[in-house]
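This report refers to the structure that appears directly beneath it.
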Amino acid sequence: VLRPWKMLLAERIDKAGDSPVYMQIIHALIHEIQRGRLLPGTFLPSSRDLAQAIGVNRKTIVLAYEDLIAQGWLTSAGTRGTIVATSLPDIRLQRAQSHQGMPAPEFGHVDYPFRHAAELPPRDWTLKLDEGSPDGRLFAPEVLARAYRGAVNRAARENRLLYGDPRGSILLRAAIADMLRTQRGLIATADSICITRGSQMAVFLAARILLRPGDAVLVEALTYQPAVAVFNECGAKVVPVGLDRQGVDVEEVEQMCRRYRVRAIFLTPHHQFPTTVALQPDRRLRLLELARQFDFAIIEDDYDHEFHFESQPLLPMASYAPERVIYVGSLSKLLLPALRIGYIFAPPKVVEALAQQVMLLDSMGNTLTEDAAADLIESGEVRRHVRKVTQVYAARRRAFAQSLSQDLGALTDFDVPDGGLAFWVRFRDAATVDRIETRAQALGVWLAPSHSFVTRPDAARGLRLGFASLTEDEARDGIRRLRKAAAP
Ligand SMILES: Cc1ncc(COP(=O)(O)O)c(C=O)c1O
């Protein structure tokens, strides 16, 4: 236990040096406190142990400790020993903010990001108008805690707290296969499911097995930027295609297939991201014909099919063409984003290829979280939760539409979405969006920038505003702030 202390101090102490040893110890300890390696509240070794460890007289250590206590760097914790004073500012935090003491990296060939890939909201926002997240406050923590407890006990009993299947926990794969069979019309079995850490990882894995550098991948002119970032990262050529209120423009898809070696298209057919429109059945069928003709895969991101308020949800494309589709889903909306559970449904051979990629990345998922999620699905907790929140979200959706009409109706054009958790708001005048985006932060409201959805300059920018994660009052407040920001 004393080795680190020995290393910390011994090399800084020169017994033959000019300055007294106790003073050198004082300087060495202050130095370690200042650079944040010794944090407030840390216990120091006893004077006897430290004296022995660094080979000095015990009185020397006692003298140094006394001096540091007198100067306020250390405090006596009575019979329990001596600690680094807790009244010191949290040096760890300062360090994290300033990067002080950390050398600049010298790996010149690393491609450092110039901004966060997902343009994360700053810490000090007061109101976040997200792109359609659930309200995490509505999920009872004790239900989750119980599921985790059960998962720990069961996995321990079955000796499964070891390395496991890269496709994920068999319990969760079976539970998700069951859910997809009954709710999404997919002919799923546990072998056709690969669990991932969120659907973001699922898209990444799909891209890894489908795309080689230079291959083309089609995306819509307005789409989900984190998926585009993945395709770029894989060295693919990202080719935008147009879309309208019926979904993606299939004629343009055909043109691009004639021009490029297209290997995949990324789509959110159920609720187009960000515009929320559903891809119409005739276009779905035409796309499948094109996929067969030009031999490309459809990455179908079915990210928020669980919430529908008007009509029954359309079945996913994977339900009628599983051989052409890599179907991606997520528990982020159904349960909680922080669980980081996504999944892929695909033919078992494809799942094997995905599993090989998982082995390269993180070997396997988190057995306990996955087992806990399986338990929540099987015990009916998820069903109960969805029933409860759907009512809450339905009311929030109505109230949100009302606030939007009242406060921004004159400037905007929007449809109330049939399902999903967000509105797509178009603006009559592009200058209004610019004003909102420039002033939003000063008004304490965060929203995803309109340009983050755009992959082709001719696409009409808009704002995607989630209605589910805020209470009606919070949302009203947010929309009023947008109205202020929009004022000429
Ligand atoms: C289009 C789309 N896909 C997927 C996701 C879910 O991502 P994840 O499962 O990684 O939390 C989101 C979440 O906002 C989304 O908007």
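In listed order, ligands and their atoms are each counted from 1. This structure is a prediction, so every number in the text was calculated from the model and none was measured.
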- Should L331 and M179 count as side-chain neighbours, where that means a heavy-atom distance under 4.5 Å? yes

- Task: Establish, from distance only, whether the side-chain atoms of T223 and E220 form a donor-acceptor pair under 3.5 Å.
- Result: no

- Going by the atom numbers of ligand 1, which of them fall below 4.0 Å from some non-hydrogen atom of Q200? 10 (O)

- Item | Rounded distance [0.5 Å steps], CG in D282 versus CZ in R286 | 11.0 Å

- Message: I need the atoms of ligand 1 closer than 4.0 Å to a non-hydrogen atom of G198, numbered in the order shown.
- Response: 9 (O), 10 (O)

- Item | Residue part near ligand 1, for M201, under 4.0 Å between non-hydrogen atoms | neither

- Y303, any N or O under 3.5 Å of ligand 1 N or O: no

- Query: For ligand 1, is any non-hydrogen atom under 4.0 Å from S332's backbone (N, CA, C, O), its side chain (CB onward), both, or neither?
  - Reply: side chain

- Shortest protein contact, atom 7 (O) of ligand 1 (heavy atom only): S199 OG, 3.1 Å

- Message: Are any of the N/O atoms on K333, whether in the backbone or the side chain, positioned under 3.5 angstrom from an N/O atom of ligand 1?
- Response: yes

- Note on the structure: For R397 and F423, the nearest pair of non-hydrogen atoms, with its separation, is O-CZ, 3.6 Å

- Message: Please determine whether the number of non-hydrogen atoms from other residues, nucleotides or ligands lying under 6.0 Å from atom CZ of R292 exceeds 12.
- Response: yes

- Item | Partner residues of R480 under the side-chain hydrogen bond (donor to acceptor under 3.5 Å, both in side chains) criterion, sequence neighbours left out | none

- Note on the structure: shortest atom 3 (N) of ligand 1-to-protein heavy-atom contact is with D301 OD2, 2.6 Å

- Task: Write out the residue and atom name of the closest protein heavy atom to atom 12 (C) of ligand 1, then the distance separating them to 0.1 Å.
- Result: Y224 OH, 3.3 Å

- contact_flag R340 ligand 1 heavy-atom lt 4.0 Å: yes

- Any ion pair linking R258 and E254 (charged N to carboxylate O, less than 4.0 Å)? yes

